[in-house]
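Both ligands and their constituent atoms are indexed starting at 1 by order of listing. Numbers here are sequence positions counted from 1.
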Amino acid sequence: MAIKAIKGINDILPDVVGKWQLVESVARRIFSNFNFQEIRIPILEKTELFARSIGETTDIVEKEMYTFPDRNGQLLTLRPEATASVVRAFIEHKLHLQPAMRKFYTMGPMFRHERPQKGRYRQFHQINVEVFAMDDPMVDAEVIYMLLVFLEALKIPDIKLHINSMGCPDCRLPFRQSLADYLEGVSDKLCADCKRRRLTNPLRIFDCKVDSCGKLVENAPVLLDHLCHECEKNFQGVRDHLDSLAVAYTIDPFMVRGLDYYTRTTFEAITPHLGAQDAVGGGGRYDGLMKALGGPDLPGTGFAIGMERLILLLDDKAGAATDSHNLFVACLGEEAKKKGFSLVQELRLSGLSVEMDYESKSLKAQMRRADKLDATHVLILGDDELAKGAALLRDMDASTQEEISLKKIVEELLQRFKLEM
Ligand code: AMP
């Protein structure tokens, strides 16, 4: 039996790759306008990095990580997210000593053992943005604004922004108590997971996808009502700056995001077009993370965008090839094929996109192939034409053809296609 790919781990075939390249190039262009620099981080890290940063009692760490011992018995994990690795790299390379490096982005695959469905996969791709050592609310507003500018540039429709504040350790402590008191009163109605979460990490109850827990959570106390003065002021600042950029948002006190490291402002970009998996991207501030991972006590903020979800939301025509000139060289006869073979390479080196057949098919069959490949022009090389030192150039749209000399064929084609010589 043929071997198939792993469930939830997908191939990306050439017919959609144009969309991926579009997403990547728009991200690079816009992020660089906002002065972000690319960083590339490993796919495999020590398990401890994620357990310590994301939180031992989060769904990701408890249930979803691909973790295994390597041949030396070292416990490794395929990265489930990128922030922890970017922070680790920042600390490891002492980038805090290099003031020019504060704003990073990275793109690539992430791995979570979730139940696969539309918009949710076990290998998925994210674009991540991280900013370190800046805690002004203006920075949060700017990062959120950049996310929206990016989605707008890709013409992703009907995006709604939800924001919340997760406070700081000072406001979390009293809040945790009031949440614990509330949950104690309803503990017999909680699902098995939430019964456990109530004692280990009550905030994670807000992540529960079980309907009955969702209803209980609606009446639970929320962090937003327990913010300390500084966090309240900070959240107001973020909102004021968003207002000044004319960014519309909804305050969603139930949005806690699935990771323990968030502090203060968190946000999500939501779409009504993806069913249950409605978050296109999300992020927030994580001011204690760098210190918790053994680095300097510097604040951080950022977001992650799910690339598969973006691709699902893109217009059908987005990313379609825009190569306006595609040449197919049809050869008839052995001599012509030899000449065609070297000519094709020469034309490619000159910057044209060129293809030929190697199977010595009839002219009709080669024309059909040229058509399938969306060739705009076919250069027909037959033994008769070769003897004259010429070839026939057929314009596929206009259905016209003319003889051109082989002597200056490269210059001639480049000139016709208005390409630089
Ligand atoms: P998170 O890292 O959980 O905050 O997720 C950030 C974004 O990554 C989400 O808004 C999704 O767009 C995307 N994402 C997260 N998990 C998955 C998954 N299993 N499959 C596809 N996309 C995902």
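- Checking side-chain atoms of K337 against main-chain N and O of D357 turns up no donor-acceptor pair under 3.5 Å.
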Which atom pairs, one a donor and one an acceptor, fall under 3.5 Å between side chains of residues 269-282 and the rest of the protein, sequence neighbours left out?
| residue | atom | partner | partner atom | Å |
| --- | --- | --- | --- | --- |
| T271 | OG1 | H273 | N | 3.0 |
| H273 | NE2 | D158 | OD2 | 2.6 |
| Q277 | OE1 | R309 | NH2 | 3.3 |
| Q277 | NE2 | Q117 | OE1 | 3.0 |

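- For residues 279-303, the set of pairs meeting the salt bridge (charged side-chain N to carboxylate O under 4.0 Å, His left out) definition, not counting sequence neighbours, comprises D140-R285, R285-D287.
- Salt-bridge check for E38 with R28: passed, with a basic side-chain N closer than 4.0 Å to an acidic carboxylate O.
- Residues T77 and K46 have side chains not in contact (no heavy-atom distance under 4.5 Å, counting atoms from C-beta outward).
- Sorted by chain then number, the residues whose non-hydrogen atoms approach ligand 1 to under 4.0 Å are R112, E114, G119, R120, Y121, F124, Q126, R257, A279, V280, G281, A304, G306, R309.
- For the salt bridge (charged side-chain N to carboxylate O under 4.0 Å, His left out) test, no residue two or more places apart in sequence or in another chain qualifies with E152.
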